[in-house]
Every structure is written in structure tokens, then in C-alpha cells.
Amino acid sequence: MKAGAAGVMLGRLVTMRSYQAVLLLLAALAVFAFYYLGSGKENFSSTTRRMKASSAVDTDLLPPSSAELKMGEGKSKNLESRGVQDYHLLIMFTKVDRSPALTDKLQGALHSLVKYGKLESSEVLSLHFVTDEPSREVGKTVLRGLLQGASFKYKVIFHDVSTLTEKLFPIVEAMQKLFSAGTGTYYSDSIFFLSVALHQIMPKDISRIIQLDLDLKFQTNIRELFEEFDNFLQSSVIGIAHEMQPVYRYPHSYRHTFWQYRRENPNSKVGSPPPDGMPGFNSGVMLLNLEAMRQSQLYNQLLEPNAVRLLAEKYHFKGHLGDQDFFSMIGMEHPELFYVLDCGWNRQLCTWWKDHGYADIFDLYYRCDSHIKIIHGNCNTPIPEE
């Protein structure tokens, strides 16, 4: 019996030791997971915290088939190192609570973008939206419905308008006084000079971005517009189309534009129609080579308050259209900074000037014989259905 009892005790001891060994093995695995897998999670969290407070990737709006994109903006460099090409597109979507019609414009623009958009499997469209809180929620609803049909990979990044405005104001304060419609009005907000200083605000790893108005309709693949960057000259920092009305030729009821300069310089091309004239620019479609803007000593000098003031005095210029006025003014002095987009990339529909006394010369500005790739329903002009 003693031998049998001893055998039972020995068996229990072996079982207990086996159980302890299992516990030790599990503990070791837990420590391994904590230090290796856990540290990876912590590194990702640290990367996420380093993202600027002004922006956030909305993973709820990422395509289900693109699991690798759900890592967020903090992993964008890793994606690029694996051969992924990011195309960056920026749209402002604010004050929707005051202007509900903006939602319809966003739906129209995105619907046509998704309809014609095609990218390679290694390419991603990064959609940047500048919003306030109410507009962000409306935008998310619109995006969820429209992006489900996209055939391309995409990311959605929201930027807080208040945070960006705070960063912009010191840079654009001087020009805001010259190119705004007045206190409390649409273009008086610093955010409507965003394109002017976007190179100082966006992360350095974003080298190119296209900024679009809401009131657009695509009739071609957005990728073709990004290919226009390849046509920039060495001195070009911005791609932009001409204004298609005589906006900068005649005096407004309370704005000077270039009319006095033209009166003093009757042979000047300033404000004259294309192809030989300089009619000014329209900011509905803008290709911003952020890296070239950062590197251009000339462009950054033109942002200085004294430089803005001197040019405004030379051209007797005071506008009301925000960044469009600034680009039009410096374009008269330094056209080499701009790559002029073909009119087909920003076919403006507004005919306000034709209906207000300038029908005799209107078509000199308005004519566009090119294939139309983007229709721009500016000044609330309805965009025809297909």
C-alpha cells in the first residue's frame, strides 16, 4: 500500500509540476506580448499623438477593401515606402448650418469625382476637408453615401477650420485687409486665404495638393488633373486658370481692381482678355506645388506685409475675392510663378458681367474652345445635367 500511495503522490506531483510549467509558459508569453506587441501599439499611439491637432483621419470612412489604409495618417510614410502614391485633394466645407445649399454642391462635386475617378492599385486619393463641427457631421453623412461606390482607394482627413484660421491669420493679415469684402462677410475670414500659405501649414511630406471649390462637376478622371503638375516650368509654384469674365478690367461699385492702373497705362496687358492679355485668375481649381512654394524665395517674399502693400499701391489694387485677388495681383508682376491651366480645367459658367453692361467684350474673356473637363458653376450658376 505504501508503494501504491507513493505512486499516487508521485503522479500528483508530476501533474502539479506540469500545471506550474503551463502557468510559467503562459506568463512568459504574456511578458513577450507586452514588450513586443504592446510596444508596437504604443509606438503607433505615439505616432498618432504627434499628428497635428488640426487634422484627424476618419477611419470610419475608409474603404473596407483597403485594410492597410486604416492605420491612419501616422503610417503614411510607411505606405509611401512600400510604393503607394498619395494624391492629395483639399476642399473647404464650412458654415453649412447657415448655407444648406452647400451640401448639394458637395454631393454634386463628389458624385462626379467618384463617377469618373480611376487610380492604379498602388495609388490613394487623400481627401482633405476643412470644416467646422456642424459641417463635419453633415460631410461625414454625405461621404459615407458617395464613397461606397468609389473604384479607387482613398483616405478622408478632416481639418478644424478654427485651428487653421489661428495659424493663418499672422501670415495673411496684411492681404486680408486689401482683398476682403468687409468685416463679417464671406471672404473676410482668414481661412479663405488658405491656399496662399498652405505650404507653411501642411506637413512637409505633402509636396503637392489640389484645392477645389465646391461648385464643380467633373467630366474626366481626377488623376488627369494631377498629371498637369508635370507641365509646370521650373519657376512655377501654382497652377491656376484665367478668370473668364472682365472682373479685373473695370471698377466695381466700391472696389478698385486694376481700372486706375489701366487708365494710367493704356497700353498695359493688365486686365485685358486672353490670349495676349492678363485677365487675372480664378481660384476655383488650384494646383499647389507645396514644395516649390516652400523653396521659392520670391514667392515667400511676396507674402511679407510690405511687399503686399507696395504691389497694391503700384497697381492701385483693392479687391474682394480673397486668395484669387492676391494671386491675380502678384501674377501681373511675376507671371513666371504661375502655370496657366487650360480653360477646360475650370470652365466657369457665371455671366454676371455680361448682364451688367459689358456684353460687347464679354465673349473675349468667356470663350473656351477646349474640351471641357471640369465645369465650374460660380456665382451660383446652375450646372447643366448631362
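Note: hydrogens, waters and symmetry copies are ignored here, and every other heavy atom, side chains too, is used.
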Original post:
What do you reckon, are the aromatic ring centroids of F317 and F179 less than 6.0 Å apart?
Top reply: yes

Original post:
Is there a donor in the side chain of Q324 and an acceptor in the side chain of E243, or the other way round, less than 3.5 Å apart?
Top reply: yes

**OP:** Can you sort out the partners of F218 under ring pair (Phe, Tyr, Trp, His ring centres under 6.0 Å), two or more places apart, ordered by chain and number?
**Re:** none

**OP:** Return yes if a side-chain donor-acceptor contact under 3.5 Å exists between D132 and S135, otherwise no.
**Re:** yes

Original post:
Mind checking whether F232 and F229 have ring centres under 6.0 Å apart?
Top reply: yes

Original post:
Do Y315 and Q260 have side-chain atoms, one donor and one acceptor, less than 3.5 Å apart?
Top reply: no

Original post:
Any donor and acceptor pair, going by atom type alone, linking the side chain of T165 with main-chain N or O of V161 inside 3.5 Å?
Top reply: yes

Subject >> N380-K105 side chain donor-acceptor pair, cut-off 3.5 Å >> reply: yes

Original post:
Would you find more than 12 non-hydrogen atoms of other residues, nucleotides or ligands less than 6.0 Å from H334 atom NE2?
Top reply: yes

Subject >> Aromatic ring proximity, centroids under 6.0 angstrom, Y87 and F226 >> reply: yes

**OP:** Report the C-alpha distance between D86 and D205 in whole Å, list the side-chain angles of each, state the deciding distance to 0.1 Å, and finish with yes or no for side-chain contact (heavy atoms from CB on, under 4.5 Å).
**Re:** CA-CA 10 Å; D86 251 316; D205 59 337; over 6 Å; no

**OP:** Supply the atom-to-atom distance I209 CD1 to S126 OG, rounded to the nearest 0.5 angstrom.
**Re:** 8.5 Å

Original post:
Which of these, W353, W352, Y365, Y366, sits in a ring pair (Phe, Tyr, Trp, His ring centres under 6.0 Å) with Y358?
Top reply: W353

Subject >> salt bridge (charged side-chain N to carboxylate O under 4.0 Å, His left out) partners for D369, two or more places apart >> reply: R367

Subject >> side-chain contact (heavy atoms from CB on, under 4.5 Å) involving S195 - partner list, sequence neighbours excluded >> reply: Q211, M286, L288, D323, F327

**OP:** Kindly determine whether F281 and F338 satisfy ring-ring contact (aromatic ring centres under 6.0 Å, His included), including the steps that lead there.
**Re:** CA-CA 10 Å; F281 296 123; F338 297 91; 4.8 Å; yes

Subject >> Heavy-atom neighbours of E264 CD exceed 12 at 6.0 Å >> reply: yes

Original post:
Does a donor on one side chain and an acceptor on the other come within less than 3.5 Å for D215 and H376?
Top reply: yes

**OP:** Look at R223 together with E123 and state whether they make a salt bridge at an N to O cut-off of under 4.0 Å.
**Re:** yes

Original post:
Looking only at side chains, do N265 and S268 share a donor and an acceptor under 3.5 Å apart?
Top reply: no

Original post:
When clusters are formed by joining ILVMFWY residues with side-chain heavy atoms under 4.5 Å apart, either directly or through shared neighbours, do Y248 and V340 land in the same one?
Top reply: yes

**OP:** Taking atom types as modelled, find out whether S207 and R294 have a side-chain donor-acceptor pair closer than 3.5 angstrom.
**Re:** no

Subject >> Sidechain N-carboxylate O distance under 4.0 Å for R136, D160 >> reply: yes

Original post:
Any side-chain donor paired with an acceptor under 3.5 Å for N300 and H199?
Top reply: yes

Subject >> Check: A109 main-chain N/O paired with S112 side-chain donor or acceptor under 3.5 Å >> reply: yes

Original post:
Are more than 12 heavy atoms from other residues, nucleotides or ligands located less than 6.0 Å from atom CD of E166?
Top reply: no

